[in-house]
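What follows is a set of notes on a single structure, which appears directly below.
The analysis underlying the following values was restricted to heavy atoms, covering all of them including side chains, and did not include hydrogens, waters or symmetry mates. The model shown is predicted, which means the values in this text are computed figures rather than measured ones. All ligand and atom numbering here is 1-based and tracks the order in the structure.
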Amino acid sequence: MPEQAEQPIKLKVAIIGCGRVSEKHIRAVAKLSDRLCLSALVDNNPDAPNNLLNACKKKIKKISELKSSLTTYIDYKEMLKDIHPDIVAITVPSGLHYEIAKDCLTAGCNILLEKPMTMSNKSSRELYELASSLGLKIAMGHIYRYFPIVSLLHEDMVNGVFGKVGHGSVIVRWGHDNDYYNQAAWRGTWKSDGGALMNQTVHALDLMCYLMNAEAVKVDGMLSRRFRDMEAEDTAMGVFTFTNGALCQVEGTTATFPKDHEASFFINAEKAAIRIALRKGKPSYSITTEKGKNLAFRYLRRYIKNVGLSYLISVAKNPHYGIYCDLHNAITTGTSPVADGRSGYLSVDMVLGFYRSVLKKGDVELPLSSEFKIEEMSKLELN
Ligand SMILES: NC(=O)c1ccc[n+]([C@@H]2O[C@H](COP(=O)([O-])OP(=O)(O)OC[C@H]3O[C@@H](n4cnc5c(N)ncnc54)[C@H](O)[C@@H]3O)[C@@H](O)[C@H]2O)c1
């Protein structure tokens with residue numbers, strides 16, 4: 001999303017949940033001070049907002065200006081009444097997304113909801129439908145959609161430039177140690193988080209749908225818990241079938257080393273093999289033709305021409321910057337965010353279908369035909 005040239009409309013933002021991910025939100029909002037104003041920080045731990053602001057000190061210029069414009073709250077309902085924000089970012093534990101998102105939408109706010117949307121397919125769909133009926137926007141924290149050149153690859157896939165899709169493969173090796181899981185009681189539980197698939201892999205599945213321009217129609221998966229001391233899985237492997245007939249294999253794990261994070265995406269199409277990878281924070285791209293030519297640089301040039309170099313740098317450093325630009329644009333122009341509420345519920349449906357296939361010990365059709373809540377997974381004996 002290119003930066004706006006003239007006097008953008010300024011929108012009020014509130015952030016509910018001042019934990020790990022909220023730093024990325026606050027940095028993005030601070031950088032967009034021409035169009036966003038941080039009006040409130042909310043956390044039921046009264047020390048959390050100040051701890052967050054202190055942690056951001058070195059990364060945000062003019063932090064004192066930011067502080068002076070905001071009020072802190074411990075009760076989000078009180079904040080909604082006092083502030084009436086245009087956008088509420090919901091960055092609380094996943095098990096609380098549904099209730100808080102519903103209250104924010106009902107209060108007339110657009111929301112930036114962290115992934116995964118909710119812990120059940122029914123409640124995710126309900127949020128999407130509620131926002132649509134109220135004319136409000138939901139932007140999901142699906143950061144991968146905002147990586148450089150991804151929007152162009154999607155556009156070209158939609159326009160048939162790559163021809164038929166053969167198959168895909170996605171790997172998320174996002175190592176977290178036991179200290180991470182012990183940091184907060186909700187992490188790694190079936191009720192409030194799920195495992196490597198629901199937490200770390202859900203937005204990678206969303207990216208495969210976006211890049212393939214297709215939706216999942218079937219899944220068969222397996223789970224294990226090898227190294228981490230948690231209730232849910234630390235490793236998931238499975239295969240999805242998509243509406244275009246393509247198969248997509250998935251590996252999602254947190255059982256790898258925390259200092260060796262890797263997410264990689266591969267799409268084998270008739271006219272190009274697309275590879276996007278992120279390893280230890282460094283991105284790499286290759287779009288290879290049948291003759292072996294790599295078109296990545298060409299895509300990068302086209303992307304810079306569309307969005308500008310400064311946007312590219314900002315979004316590469318912090319993809320949440322792209323989400324906020326896009327949401328601001330969607331609200332002020334009446335368009336839909338790139339990672340919208342539909343992408344939220346479809347990706348949750350994919351994960352829950354995967355989980356259900358583990359319980360069923362066989363493949364499951366998607367979208368799920370009945371409600372499935374993640375807590376049903378507590379019946380599963382993992383090893
Ligand atoms: N998109 C991404 O890249 C990304 C990255 C990390 C986490 N996430 C998602 O963001 C969410 C938060 O993750 P995190 O790692 O920041 O968690 P965290 O535990 O570090 O932070 C959660 C914060 O919410 C607060 N909180 C809990 N209940 C609350 C309530 N009722 N009202 C107000 N505040 C409340 C907690 O005190 C805590 O400060 C999760 O859903 C996670 O999946 C997304």
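- Contact check on K102 versus E126 returns a salt bridge, with a Lys/Arg side-chain nitrogen under 4.0 Å from an Asp/Glu carboxylate oxygen.
- Between F147 and Y285, the ring center distance fails the sub-6.0 Å criterion.
- Pocket lining of ligand 1, defined as residues with a non-hydrogen atom under 4.0 Å away: I16, G17, C18, G19, R20, V21, D43, N44, T91, V92, P93, S94, L96, H97, E114, K115, P116, G141, I143, W186, R187, N199, H320.
- Between Y180 and H176, the ring planes are parallel. Angles under 30° get that label, and only those over 60° would be called perpendicular.
- A search for side-chain hydrogen bond (donor to acceptor under 3.5 Å, both in side chains) contacts involving D193 returns N199, not counting sequence neighbours.
- For A236 against E233, the heavy-atom pair with the smallest separation is CB-CG, 4.4 Å.
- Taking hydrophobic clusters as Ile, Leu, Val, Met, Phe, Trp and Tyr residues chained together by side-chain heavy-atom distances below 4.5 Å, V338 shares a cluster with L152.
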